[in-house]
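Input: a single structure, listed below in structure tokens.
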Number of protein chains: 2
Amino acid sequence: MRDVAAAASVSVKTVSRVVHNYPFIRDEVRSRVQAEIRRLGFRPNGNAVGLRQTGRPAGSIGVLAADLADPFYAGMVSAIEQVSTARSFTTLVASSGEDAERERTLLATFVERRLDGLIVVSADRRHDHLRPDLDVGTHIVFADRPPQRLPVDCVLAAHADGARQAVEHLLGQGHRAIAFVGHSPAIHTARQRLRGFRAALTAAGLAPHTVRTDALDTEAAHRATAELLAAEDAPTALFADNPRLVGGMATAIAESAAPRTALVAFDDSELAGVLGVTVVAQDPRALGTQAADLLFSRLDGDHSRPRRIILPTTLVPRGSGEGRGVALRATRS
Amino acid sequence: MRDVAAAASVSVKTVSRVVHNYPFIRDEVRSRVQAEIRRLGFRPNGNAVGLRQTGRPAGSIGVLAADLADPFYAGMVSAIEQVSTARSFTTLVASSGEDAERERTLLATFVERRLDGLIVVSADRRHDHLRPDLDVGTHIVFADRPPQRLPVDCVLAAHADGARQAVEHLLGQGHRAIAFVGHSPAIHTARQRLRGFRAALTAAGLAPHTVRTDALDTEAAHRATAELLAAEDAPTALFADNPRLVGGMATAIAESAAPRTALVAFDDSELAGVLGVTVVAQDPRALGTQAADLLFSRLDGDHSRPRRIILPTTLVPRGSGEGRGVALRATRS
């Protein structure tokens, strides 16, 4: 502030008044001070003015999510924010859009902006490029997907176990012709779910009715389901690999000749709740809370060996997996 | 790097090798260099190592949204990211959770972390505290909700017009007993929608059947709808003030004695699509794109007067507003 005062040939008090937007300052003086503020890139700091009249955060953490439009990550981020806010930290979020290169650029931005710690849902297959950042004291916790060749904490859900739970539930209802609808398992978590699906059937001495890995979105899942149910030897039960497929699959079931076809989906959603779709649910808030707790324990000075926390999934029966079908009727004319 | 080398009594080359994780460095030397790196807070920079092996962003913009778990803001943010990524900028996002104090802290964090520009969905009633930041060259664009006493660009949707559009559509279908279900209009946009709802009925010489402003979430909307439809003089049509109420309202309609009660909701959602709910939709992606375009034009040096862009809404008829009811059947036993 002193530099600005000197450059504008006014008192520090006058600079302060301009910055605080006091009235009764001559326009000419105000303009001169503002010009010097801009020229010198002066930023009022400390407990001075403007934004800083309010509580200063103790620090900031960064969260890199795969996709902010996915309610799962939105729930995870919200839980992280809650922990972080309770510690008077702010939370800045970015999304990679499942693009590994963009992920690296965003992580670089977080490091450059000197965030105190990072929680990462990684779309990348390698993470050793983060080692230098660990070495200089950046704390990183992986969530939802495990780190590769990087000694950091992580919190994961039991994806294989969850898929197994879904299949065992359907087997318990008497189903033997169970089909998988999902997408190509390039991502760790999707691979785990398909593995659990197969393992549960194998354990029961069965093979999958069908494994469709071409359902990238709800429209593709609608098509895949319609094709499966139109076949002579149609499955009696379907496993939806992720909640984004539920709308298309439920609609296809409602429109089919077999509207009581069973459906169990991995992960919960508002749509699944309204449509009465049975799900095996991860707890995105627990994932976020645990990841944030780990990160803050590291920021608090915990130097113990990296931990890996696996969270269980929960079966939520709502009717679609118990013989009542989906609560949707076809409206197409 | 030179400081680290001097402090650890090794060559710059050795520091570089430690930072790059080269093998064949004695553990003792590696530890000494790492200790100095930590002590001096050294960060490899420029086109050196680690995260920076990949493309450096040209800069970063910050987005403050009211609620990241709301798909509307997720869509807006995704469109902003697209514009920003095309300009080689990264996008950092934070959410206020509709808390004005948290909003101020987050904006302070954005400014402190020296982001180049901000797009703000504000939960605050006053924004003059941002003036000092404008004065020192921070570019700010408001989205979704207008700025108060702050000369900055903003992009808004035509909320009053949208609600009017919904009511006129229902009037056109012959409805005269139309009820509003929403929440207390403390927020600018909600006030505008209620205003448009009333204005359209007044223009037709009618009064609202009921205005319920106690539907804060989908459960409350379920209760409010069930009560409305159980009354002797039930409305024949309902206007849902926001997409978060659609699940509860559609379920209550399906469970009621009048499952053909008309429903038109403000804003689109996946749920509305699957349930066949007619909506008046804003375009969250257009909102994000326009806000980002405005911000980048300012970053490019456009000093013209602040602009206010109003985006129109679109009516999407799907059956629930045209006599076919919602595509949901009651499953409660």
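Just so it is clear, the structure is predicted and the values come from calculations on it, not from any experiment. Residue numbers start from 1 in every chain, and the chains themselves are labelled A, B, ... in the order their sequence lines are given, proteins ahead of strands.
Annotation: side chain of B:T278 is not in contact with side chain of B:L263 (no heavy-atom distance under 4.5 Å). With contacts defined as side-chain heavy-atom distances shorter than 4.5 Å, the pair B:D128/B:L150 does not qualify. B:L118 places none of its side-chain heavy atoms less than 4.5 Å from the side chain of B:I61.
Comparing B:L271, B:V77, B:L106 by heavy-atom pairs within less than 4.5 Å of chain A, the highest count is held by B:L271. When each of A:S78, A:S95, A:G319 is checked for heavy-atom pairs under 4.5 Å with chain B, A:S95 comes out on top. Heavy-atom pairs under 4.5 Å with chain A peak, among B:T90, B:V63, B:T91, at B:T90.
There is no side-chain donor-acceptor pair under 3.5 Å between A:T218 and A:R244.
Residue B:R104 holds its CZ atom at 8.0 Å from CG of B:L130, rounded to the nearest 0.5 Å.
At a 4.5 Å heavy-atom cutoff, the contact between B:S60 and chain A is made by backbone and side-chain atoms alike. For B:S269, no part lies near chain A; criterion is any non-hydrogen pair under 4.5 Å. Residue contact with chain A, scored on non-hydrogen atoms closer than 4.5 Å, involves the side chain of B:F110 exclusively.
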